[in-house]
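Numbered from 1 within each chain, the chains take letters A, B, ... in sequence-line order.
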Protein chains: 2
Amino acid sequence: MKRPRSYSRVTKQTLSILGKLIKAGRLERELTAAELSERAGISRKTLRNIENGEAGTEIGIVFEVATLVGVRLFDVDDRAGAMHSAHLEEKLTLLPKRVRPSRQEVDDDF
Amino acid sequence: MKRPRSYSRVTKQTLSILGKLIKAGRLERELTAAELSERAGISRKTLRNIENGEAGTEIGIVFEVATLVGVRLFDVDDRAGAMHSAHLEEKLTLLPKRVRPSRQEVDDDF
DNA sequence: TCAAATTGGGCATTTTAAGACTCATTAGAC
DNA sequence: GTCTAATGAGTCTTAAAATGCCCAATTTGA
């Protein structure tokens with residue numbers, strides 16, 4: 001055992017759904033695994049891992065492939081994309097930049 | 001330069017938004033980076049990469065952290081999660097299992 | 001039915017992320 | 001203003017992902 005990492009059910013399901021969305025998108029566009037993987041600049045095996053919902057693939061690659069087959073996680077298109085992001089930015093500036101240093105028993109742990 | 005991988009704007013924006021959502025979720029729950037990273041079983045540096053929208057983190061870890069702070073990509077909760085997945089499964093069975101071997105000039109390439 | 005092409009999976013190698021440690025910076029409670 | 005702790009960032013080591021190659025299995029068009 002090297003690094004036995006565990007994933008929650010929600011994580012596994014999310015990965016599975018995303019993989020299936022990507023595979024469906026690829027088939028709808030009639031792209032072979034070889035074609036899509038080449039366009040994405042990855043190997044055919046990595047694409048298969050993604051479509052199978054494997055947890056180990058790096059997220060940038062997965063999102064890139066998703067984008068290539070038209071799967072969008074947020075309402076991000078090239079124009080309005082920054083909007084959603086800006087709203088988040090605003091929210092982040094409203095939130096404290098750090099968690100309060102002095103613990104004061106929030107009893108949030110259980 | 002080893003493997004200069006490039007990511008589309010949509011991919012970068014998606015990563016950025018997801019990272020900000022996670023950071024916002026962490027701050028709202030008043031978790032320090034150390035606390036959240038420990039709960040996720042990852043290092044503080046990896047968490048920072050995620051919140052900064054870096055592309056290199058493995059997707060399972062990112063989704064796990066997102067789950068921990070309440071960020072859901074799909075409407076996946078522990079009960080109904082399989083439903084969405086089942087619908088996709090159905091869609092996938094309807095689609096051809098493979099792309100047609102004989103290319104017939106779909107002129108989709110440009 | 002047949003055959004071409006896609007898909008699936010193992011294996012060795014290369015590339016890279018993740019971890020652990022340290023130190024500098026900065027926010028924010030007092 | 002001060003002091004504490006959270007954050008940001010760099011380096012080195014280690015573990016694992018990604019690749020490329022191979023060949024087997026399966027689909028599907030003809």
Student: Which heavy atom in Gly25(A) sits nearest to a heavy atom in Val69(A), and how many Å separate them?
Tutor: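 What the structure gives for the nearest pair is C-CB, 3.9 Å.
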Student: Who pairs with Ser43(B) by side chain to side chain contact (heavy atoms under 4.5 Å, CB included), at least two apart in sequence or on another chain?
Tutor: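 Testing Ser43(B) for side chain to side chain contact (heavy atoms under 4.5 Å, CB included), a comparison that skips the adjacent residues, returns Lys45(B), Thr46(B).
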Student: Given atom CD of Glu30(A) and atom C1' of dA5(C), what is their separation to the nearest angstrom?
Tutor: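 Between C1' of dA5(C) and CD of Glu30(A): 15 Å.
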Student: Keeping Thr14(A) on the side-chain end and Val10(A) on the backbone end, is there a donor-acceptor pair under 3.5 Å?
Tutor: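 Yes: the side chain of Thr14(A) pairs with the backbone of Val10(A).
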Student: With sequence neighbours left out, write down each residue that passes side chain to side chain contact (heavy atoms under 4.5 Å, CB included) with Lys20(B), or none if nothing qualifies.
Tutor: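 Partners of Lys20(B) under the side chain to side chain contact (heavy atoms under 4.5 Å, CB included) test: Ser85(A), Leu88(A), Glu89(A), Leu92(A), Ser16(B).
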Student: Using whole Å, report how far CD of Glu58(B) lies from C1' of dT15(C).
Tutor: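 About 15 Å, once rounded to whole Å.
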Student: Five pairs at each end of the helix from dT1(C)-dA30(D) to dC30(C)-dG1(D): take the axis at both ends and give me the angle between them to 10°.
Tutor: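 Roughly 80°, once rounded to the nearest ten degrees.
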Student: To the nearest Å, how far apart are Ile42(A) CD1 and dT16(C) C1'?
Tutor: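 In whole Å, dT16(C) C1' and Ile42(A) CD1 are 16 Å from each other.
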Student: I need the Arg9(B) CZ to Thr67(A) OG1 distance, nearest 0.5 Å.
Tutor: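 It comes to 12.5 Å.
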Student: To the nearest angstrom, how far is Leu95(B) atom CG from dT7(C) atom P?
Tutor: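 So the CG-P distance, Leu95(B) to dT7(C), works out to 13 Å.
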Student: To the nearest Å, give me how far apart CD1 (Ile61(B)) and P (dA17(D)) are.
Tutor: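 Taking atom P of dA17(D) as the reference, CD1 of Ile61(B) is at 9 Å.
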Student: Which pair of heavy atoms, one from Glu54(B) and one from Ile59(A), lies closest together, and at what distance?
Tutor: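 In terms of heavy atoms, the two residues are closest at O-CG2, 4.0 Å.
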Student: What residues in residues 45-57 of chain A put a non-hydrogen atom under 4.0 Å from any atom of DNA chain D?
Tutor: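 Close to the strand are Lys45(A), Thr46(A), Gly56(A), Thr57(A).
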Student: Check this for me, if you would: do Arg5(B) and Glu64(A) make a salt bridge, where the nitrogen-to-carboxylate-oxygen distance has to be below 4.0 angstrom?
Tutor: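 So Arg5(B) does not pair with Glu64(A) through a salt bridge.
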Student: Might you list the N or O atoms of the protein lying below 3.5 Å from N or O atoms in nucleotides 22-26 of chain D, with each pair's distance?
Tutor:
{"residue": "dT26(D)", "atom": "O2", "partner": "Arg98(B)", "partner atom": "NH1", "Å": "2.7"}
{"residue": "dT26(D)", "atom": "O2", "partner": "Arg98(B)", "partner atom": "NH2", "Å": "3.4"}

Student: Determine: side-chain N/O of Lys23(A) to OP1/OP2 of dG8(C), distance under 4.0 Å, yes or no.
Tutor: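 Result: yes.
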Student: Would you say that more than 12 heavy atoms from the other residues, nucleotides or ligands in this model lie under 6.0 Å from the CD of Glu28(B), or not?
Tutor: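 Above 12, so yes.
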Student: Figure out the CD1/P separation between Ile59(A) and dA17(D), and round it to whole Å.
Tutor: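 Taking CD1 of Ile59(A) and P of dA17(D), I get 15 Å after rounding.
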Student: Less than 4.0 angstrom between a side-chain N/O of Arg26(A) and OP1 or OP2 of dT7(C), yes or no?
Tutor: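 Affirmative; the distance criterion is met.
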Student: Please find the pair of heavy atoms, one from Leu18(A) and one from Phe63(A), that lie closest to each other, and give the distance.
Tutor: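 Looking at all heavy atoms of both residues, the shortest contact is CD2-CE1, 4.4 Å.
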Student: Nearest heavy-atom pair of Gly56(B) and Glu58(A): which atoms, and what distance?
Tutor: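 Closest pair (atom of Gly56(B), atom of Glu58(A), distance): O-CB, 3.5 Å.
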Student: Only counting residues at least two apart or in another chain, list the ones meeting side chain to side chain contact (heavy atoms under 4.5 Å, CB included) with Arg44(B).
Tutor: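 Per chain and number, Arg44(B) pairs via side chain to side chain contact (heavy atoms under 4.5 Å, CB included) with Ala33(B), Ala34(B), Ser37(B).
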Student: Rounded off to whole Å, could you give me the CG-to-C1' distance for the Leu27(A) and dT28(D) pair?
Tutor: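 Checked: the CG to C1' distance equals 14 Å.
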Student: Rounded to whole Å, please give me the gap between CG in Leu31(A) and C1' in dT7(C).
Tutor: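 In whole Å, dT7(C) C1' and Leu31(A) CG are 15 Å from each other.
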Student: On DNA chain C, does the nearest nucleotide to Gly41(B) precede the nearest nucleotide to Lys97(B) from the 5' side, or the other way round? Give the residue.
Tutor: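 In this pair, the answer is Lys97(B).
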